[in-house]
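A short write-up of the structure that comes next.
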Amino acid sequence: MAELNYARYGKDNIRLFKVDRDAKAGTQTVTEMVVCVLLEGDIETSYTEADNSVVVATDTQKQTTYIMAKQNPINPPEVFGALLADHFVKTYSHIHGAHVKVTQHRWTRMIVDGKPHPHSFLRDSDEIRVVNVHAQDGGKGITIRSGIEKLLVLKSTGSAFYGFHRDVYTQLPETWDRILSTEVESGWTYKTFGTLPEVQSYAEKFNDTWKAAREITLNTFANESSPSVQNTMYKMCEQILAAVPAVEKVEYSLPNKHYFEIDLSWHKGLKNTGKDAEVYAPQSNPNGLIQCTVSRKGGKAKL
Ligand SMILES: O=c1[nH]c(=O)c2[nH]c(=O)[nH]c2[nH]1
């Protein structure tokens, strides 16, 4: 006999673009996002008995997303995600949980002739802001995890890696000065919100937290003399927890994108290693991958 162990369904890759027009100021602001909605609840019979009466069509979920975006602000993405997720669990009594993922892409206002342009924007980076919301019925509240992904950074000095374990398998030399590059993937989870109004009252702080996390990531990366990716990312986590009382845990996943020195001594004794290194070979793979989750020791997050 078979048994259904897992069932979620919804619409993925709902692309959405909104223009906010400020007639008084004569400026416009744009937001582009991709939304994924996944629902769970008493939907087993749709799988096991072809009972479509329990299915809120994925097309309905898409249309709902558009209508909600028309009728509400879509910034910050945490509040829009919570609004949408809350709608599905409140509207359909047999839907007990909604997962909404919002991926916001960058459209940065152009500076033209030294001035911010009223309605022109540029994609200045592949970096994305990613928000995952999970709303549940039965008073279980709304959980929100926000994050940064695809933020590519590099420093050409100020990074070392020495003192690591050595054995017969170790070839890597110690280094006191290396190139460090990574594509930042970072996420922070807030203390569970009780209700949608609680999420809405926190609206401004979602943007502040994103800015703080981004600034801490970049400042620490740039300013710290890094002894390892592990230690540098831990310091980032500590600072984000200290800066935002409502954050319960912080996660980083950092690839170590290697830049290898090239020994050119075979050519007329050309010096290009150690302190003479100037020309490097960027590596696409393999890459290191360092991950961690850091939470508050013995303390609870505060909204
Ligand atoms: O910061 C680093 N951490 C490691 O675990 C590691 N391993 C490695 O080969 N290089 C590095 N660099």
Side-chain angles (χ1 to χ4, degrees), residues 106 124-130 132 145-189 209-244 247-267 270-298:
R106 286 177 79 83
D124 60 352
S125 153
D126 289 337
E127 180 190 343
I128 46 178
R129 176 169 170 178
V130 181
N132 281 280
R145 181 190 189 273
S146 305
I148 293 166
E149 289 180 26
K150 299 190 178 176
L151 172 59
L152 185 60
V153 291
L154 178 147
K155 67 197 290 189
S156 51
T157 188
S159 165
F161 187 58
Y162 54 83
F164 48 88
H165 180 84
R166 298 200 80 83
D167 58 26
V168 290
Y169 298 103
T170 310
Q171 192 195 25
L172 185 73
E174 295 184 305
T175 178
W176 282 260
D177 186 6
R178 66 174 180 174
I179 290 173
L180 184 60
S181 177
T182 190
E183 192 178 275
V184 176
E185 187 181 318
S186 165
W188 48 96
T189 305
T209 304
W210 173 80
K211 274 190 207 127
R214 194 171 185 276
E215 218 166 272
I216 287 166
T217 302
L218 294 178
N219 290 359
T220 308
F221 181 82
N223 291 337
E224 195 221 10
S225 276
S226 170
S228 65
V229 174
Q230 284 89 334
N231 186 246
T232 297
M233 73 207 295
Y234 183 76
K235 284 176 182 149
M236 292 171 180
C237 293
E238 279 184 316
Q239 290 176 74
I240 294 172
L241 286 171
V244 191
V247 167
E248 222 164 48
K249 68 173 178 185
V250 182
E251 292 153 279
Y252 274 82
S253 178
L254 300 180
N256 190 1
K257 297 170 86 70
H258 306 300
Y259 284 70
F260 285 175
E261 290 186 3
I262 310 168
D263 185 352
L264 297 175
S265 60
W266 58 271
H267 180 80
L270 213 51
K271 289 183 177 161
N272 190 54
T273 57
K275 64 176 176 30
D276 300 308
E278 288 176 300
V279 176
Y280 295 80
Q283 305 295 299
S284 335
N285 54 58
N287 56 270
L289 182 61
I290 322 282
Q291 302 179 323
C292 73
T293 302
V294 181
S295 59
R296 276 171 208 288
K297 201 177 189 174

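Whatever order the structure lists them in is the order used to number ligands and atoms, beginning at 1.
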### Contacting atoms of ligand 1, where contact means under 4.0 angstrom from a heavy atom of Val229
1 (O), 2 (C)
### Query
Can you list the ligand 1 atoms lying under 4.0 Å from a non-hydrogen atom of Ser228?
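Counting atoms of ligand 1 from 1, those under 4.0 Å from Ser228 are 1 (O).
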### Message
For the CH2 atom of Trp210 and the OG atom of Ser186, what is their distance to the nearest 0.5 Å?
### Response
12.0 Å
### Task
Answer yes or no: does an N/O atom from Phe161 fall short of 3.5 Å to an N/O atom of ligand 1?
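Phe161 vs ligand 1: no N/O contact under 3.5 Å.
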### Query
So is Gln230 polar-close to ligand 1, meaning N/O to N/O under 3.5 Å?
yes
### Message
For a 4.5 angstrom cut-off between non-hydrogen side-chain atoms, does Glu251 reach Thr189?
### Response
yes
### Task
Side-chain contact test, heavy atoms from C-beta onward, threshold under 4.5 Å: evaluate it for Ser295 versus Thr293 and give yes or no.
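Result no, sub-4.5 Å side-chain heavy-atom pair not found.
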### Donor-acceptor under 3.5 Å (Asn272 side chain, Glu278 main chain)
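Present.
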### Task
Would you confirm whether Thr232, through its side chain, and Val229, through its main-chain N or O, come within 3.5 Å as a donor-acceptor pair?
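No.
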#### Entry: atom 9 (O) of ligand 1: nearest protein contact (heavy atom, Å)
Leu172 CD2, 3.4 Å
### Task
For ligand 1, indicate whether the residue Arg178 contacts it via side chain, backbone, both or neither (heavy-atom separation under 4.0 Å).
side chain
